[in-house]
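Below is one structure, written out as C-alpha coordinates; comments come after it.
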Amino acid sequence: MKKFIKILLVLFIPLIFLTGCKQEKDSKNPFIAFSDEPVNQQTVPKYHFPSGHRIYYAIVCPKGFNAQVIRVQIFKKDEKTDILGYSYHSTKDYRLSNDKYYLDYIVIHNPGHYIMQVFEITDLQKPKVLGDFWVVDR
(Lines give C-alpha, C1' and ligand atoms only; values in the text may rest on other atoms or scores of the structure.)
Protein backbone atom coordinates (compact mmCIF):
# COMPACT_ATOMS: atom_id res chain seq x y z
CA MET A 1 0.00 0.00 0.00
CA LYS A 2 2.84 2.39 0.87
CA LYS A 3 4.47 1.69 -2.49
CA PHE A 4 1.21 2.52 -4.31
CA ILE A 5 0.91 5.85 -2.44
CA LYS A 6 4.53 6.74 -3.25
CA ILE A 7 3.96 6.05 -6.95
CA LEU A 8 0.76 8.08 -6.88
CA LEU A 9 2.55 11.03 -5.24
CA VAL A 10 5.44 10.85 -7.72
CA LEU A 11 2.93 11.08 -10.58
CA PHE A 12 0.56 13.58 -8.95
CA ILE A 13 3.00 16.26 -7.69
CA PRO A 14 4.56 17.05 -11.12
CA LEU A 15 1.05 17.19 -12.56
CA ILE A 16 0.18 19.98 -10.12
CA PHE A 17 3.19 22.03 -11.20
CA LEU A 18 2.50 21.50 -14.90
CA THR A 19 -1.16 22.52 -14.74
CA GLY A 20 -1.14 24.99 -11.87
CA CYS A 21 -0.81 28.29 -13.74
CA LYS A 22 -2.50 29.54 -16.82
CA GLN A 23 -0.93 32.45 -18.66
CA GLU A 24 -3.45 35.07 -19.67
CA LYS A 25 -3.61 36.31 -23.24
CA ASP A 26 -2.38 39.88 -23.43
CA SER A 27 -3.51 42.08 -26.30
CA LYS A 28 -0.31 44.08 -25.79
CA ASN A 29 1.99 41.23 -26.91
CA PRO A 30 4.29 41.96 -29.87
CA PHE A 31 3.51 40.30 -33.21
CA ILE A 32 4.56 40.18 -36.87
CA ALA A 33 2.00 40.67 -39.64
CA PHE A 34 2.85 39.46 -43.17
CA SER A 35 1.09 40.55 -46.37
CA ASP A 36 1.50 40.64 -50.16
CA GLU A 37 0.78 44.38 -50.18
CA PRO A 38 2.13 47.22 -48.00
CA VAL A 39 0.90 46.77 -44.44
CA ASN A 40 -1.63 49.23 -43.01
CA GLN A 41 -4.64 49.00 -40.67
CA GLN A 42 -6.88 47.45 -43.36
CA THR A 43 -4.35 44.84 -44.52
CA VAL A 44 -5.42 41.23 -44.14
CA PRO A 45 -2.48 39.11 -42.91
CA LYS A 46 -1.29 36.28 -45.16
CA TYR A 47 1.13 33.44 -44.57
CA HIS A 48 1.65 31.92 -48.06
CA PHE A 49 3.53 33.85 -50.75
CA PRO A 50 4.75 33.07 -54.27
CA SER A 51 8.53 32.87 -54.67
CA GLY A 52 10.24 35.96 -56.04
CA HIS A 53 7.51 38.39 -54.90
CA ARG A 54 7.66 41.00 -52.17
CA ILE A 55 6.60 39.88 -48.70
CA TYR A 56 5.66 42.96 -46.69
CA TYR A 57 5.82 42.72 -42.93
CA ALA A 58 5.09 44.83 -39.88
CA ILE A 59 6.80 44.15 -36.57
CA VAL A 60 4.45 45.60 -33.96
CA CYS A 61 5.24 46.04 -30.28
CA PRO A 62 2.29 47.85 -28.62
CA LYS A 63 4.23 48.44 -25.39
CA GLY A 64 7.17 49.83 -27.37
CA PHE A 65 10.69 48.55 -28.00
CA ASN A 66 13.27 49.16 -25.28
CA ALA A 67 16.11 49.64 -27.78
CA GLN A 68 16.51 51.90 -30.81
CA VAL A 69 17.96 49.06 -32.92
CA ILE A 70 16.39 45.68 -33.69
CA ARG A 71 17.91 42.60 -35.33
CA VAL A 72 15.74 40.64 -37.77
CA GLN A 73 16.81 37.06 -38.52
CA ILE A 74 15.21 34.71 -41.02
CA PHE A 75 15.70 30.94 -41.01
CA LYS A 76 14.34 28.26 -43.31
CA LYS A 77 12.88 25.14 -41.69
CA ASP A 78 13.44 21.85 -43.47
CA GLU A 79 10.08 20.06 -43.37
CA LYS A 80 11.68 16.63 -43.99
CA THR A 81 13.29 16.41 -40.56
CA ASP A 82 11.75 16.52 -37.09
CA ILE A 83 14.80 17.65 -35.13
CA LEU A 84 16.76 20.77 -36.00
CA GLY A 85 16.74 21.14 -39.80
CA TYR A 86 17.06 24.93 -39.80
CA SER A 87 19.21 26.81 -42.28
CA TYR A 88 20.22 30.43 -42.05
CA HIS A 89 18.70 32.83 -44.60
CA SER A 90 19.54 36.38 -43.48
CA THR A 91 20.19 38.77 -40.61
CA LYS A 92 19.94 42.53 -40.67
CA ASP A 93 19.95 45.28 -38.05
CA TYR A 94 17.52 48.20 -38.36
CA ARG A 95 17.43 51.56 -36.57
CA LEU A 96 13.88 52.32 -35.45
CA SER A 97 12.25 55.62 -36.29
CA ASN A 98 9.15 54.61 -34.31
CA ASP A 99 9.36 52.72 -31.02
CA LYS A 100 6.08 50.82 -31.55
CA TYR A 101 6.49 49.29 -35.04
CA TYR A 102 8.79 48.67 -37.99
CA LEU A 103 7.66 48.20 -41.62
CA ASP A 104 9.67 46.65 -44.47
CA TYR A 105 9.60 43.91 -47.11
CA ILE A 106 11.74 40.98 -48.22
CA VAL A 107 11.95 38.91 -51.40
CA ILE A 108 12.63 35.18 -51.13
CA HIS A 109 13.18 33.05 -54.23
CA ASN A 110 13.39 29.54 -52.70
CA PRO A 111 10.16 27.81 -51.63
CA GLY A 112 9.88 26.63 -48.04
CA HIS A 113 8.76 27.33 -44.50
CA TYR A 114 10.50 30.41 -43.06
CA ILE A 115 10.73 31.71 -39.51
CA MET A 116 11.42 35.35 -38.66
CA GLN A 117 12.69 36.27 -35.23
CA VAL A 118 13.22 39.79 -33.95
CA PHE A 119 15.61 40.78 -31.18
CA GLU A 120 16.23 44.06 -29.43
CA ILE A 121 19.93 44.78 -29.91
CA THR A 122 20.34 45.04 -26.12
CA ASP A 123 19.10 41.43 -25.63
CA LEU A 124 20.25 39.00 -28.32
CA GLN A 125 19.52 35.92 -26.19
CA LYS A 126 15.72 35.98 -26.26
CA PRO A 127 13.66 37.00 -29.31
CA LYS A 128 11.15 39.78 -28.71
CA VAL A 129 8.79 38.21 -31.25
CA LEU A 130 8.61 35.25 -33.68
CA GLY A 131 6.59 34.80 -36.85
CA ASP A 132 6.49 32.27 -39.67
CA PHE A 133 5.37 32.15 -43.30
CA TRP A 134 5.59 29.91 -46.35
CA VAL A 135 7.02 30.65 -49.80
CA VAL A 136 5.60 28.46 -52.57
CA ASP A 137 6.43 27.97 -56.26
CA ARG A 138 4.54 30.29 -58.55
Q | Exceeds 12 heavy-atom contacts within 6.0 angstrom, atom NZ of K76 | A | yes
(Q) Could you measure the distance from the OG1 atom of T91 to the CZ atom of F119? Nearest 0.5 Å is fine. (A) 8.5 Å
Q. Is there a path of hydrophobic side-chain contacts, each under 4.5 Å between heavy atoms of I, L, V, M, F, W or Y residues, that connects F49 with W134?
A. yes
Q: Decide yes or no on side-chain contact (heavy atoms from CB on, under 4.5 Å) for V72 and M116, but give the supporting numbers first.
A: CA-CA 7 Å; V72 177; M116 179 182 285; 3.8 Å; yes
**Q.** A58 to V39 - nearest heavy-atom pair and separation
**A.** CB-CG1, 3.6 Å
Q | Value rounded to 0.5 Å, distance of NZ in K128 from CD1 in I121 | A | 14.0 Å
Q. Are the side chain of S51 and the backbone of I108 linked by a donor-acceptor contact shorter than 3.5 Å?
A. no
(Q) I need the C61 SG to E120 CD distance, nearest 0.5 Å. (A) 6.5 Å
**Q.** Least distance between heavy atoms, T43 atom then P38 atom
**A.** OG1-O, 3.2 Å
Q. What residues, two or more places apart in sequence or in another chain, satisfy salt bridge (charged side-chain N to carboxylate O under 4.0 Å, His left out) together with D132?
A. none
Q. Is any side-chain heavy atom of Y86 less than 4.5 Å from a side-chain heavy atom of D78?
A. no
Q. Which is it for I70 and L96 under the side-chain contact (heavy atoms from CB on, under 4.5 Å) test, yes or no, and what are the steps along the way?
A. CA-CA 7 Å; I70 59 172; L96 299 173; 3.8 Å; yes
(Q) Do V118 and R71 have side chains that approach each other closer than 4.5 Å (heavy atoms only, starting at C-beta)? (A) no
Q.
Is it the case that the ring center of Y114 lies less than 6.0 angstrom away from the ring center of H89?
A. yes
Q | Interatomic distance, D104 atom CG to R54 atom CZ [nearest 0.5 angstrom] | A | 9.5 Å
Q: Look only at the side chain of K100 and the backbone of P62, and say whether a donor-acceptor pair between them is shorter than 3.5 Å.
A: yes
Q.
Looking at Q117 and Q73, would you say the former's side chain and the latter's main chain have a donor-acceptor pair under 3.5 Å?
A. no
Q) Measuring from K46:NZ to D36:CG, what's the distance to the nearest 0.5 Å? A) 3.5 Å
Q | Hphob cluster co-occupancy, Y47 + V129, side-chain heavy atoms under 4.5 angstrom | A | yes
Q: Count the heavy atoms of every other residue, nucleotide or ligand shown that sit under 6.0 Å from OH of Y94, and state whether that count exceeds 12.
A: yes
Q: Mark yes when over 12 heavy atoms from residues, nucleotides or ligands other than Y105 sit less than 6.0 Å from its OH; otherwise mark no.
A: no
Q.
Would you say I115 ends up clustered with V107 if hydrophobic residues are merged whenever their side chains have heavy atoms under 4.5 Å apart, either directly or through other cluster members?
A. no
Q. So do the side chains of P111 and V136 get within less than 4.5 Å of each other, counting heavy atoms only?
A. no
Q. Would you say the ring centroid of F133 lies under 6.0 angstrom from that of F34?
A. yes
Q.
For a 4.5 angstrom cut-off between non-hydrogen side-chain atoms, does N110 reach V135?
A. no
**Q.** CZ on F65 to CG on D99, rounded to 0.5 Å
**A.** 8.5 Å
**Q.** Smallest separation among heavy atoms of D93 and V69, with atom names
**A.** CB-CG1, 4.2 Å
Q) Minimum heavy-atom separation for Y57 to I106, with atom names? A) CE2-CG2, 3.8 Å
Q: Would you mind reporting whether Y101 and I59 have side-chain heavy atoms less than 4.5 Å apart?
A: no
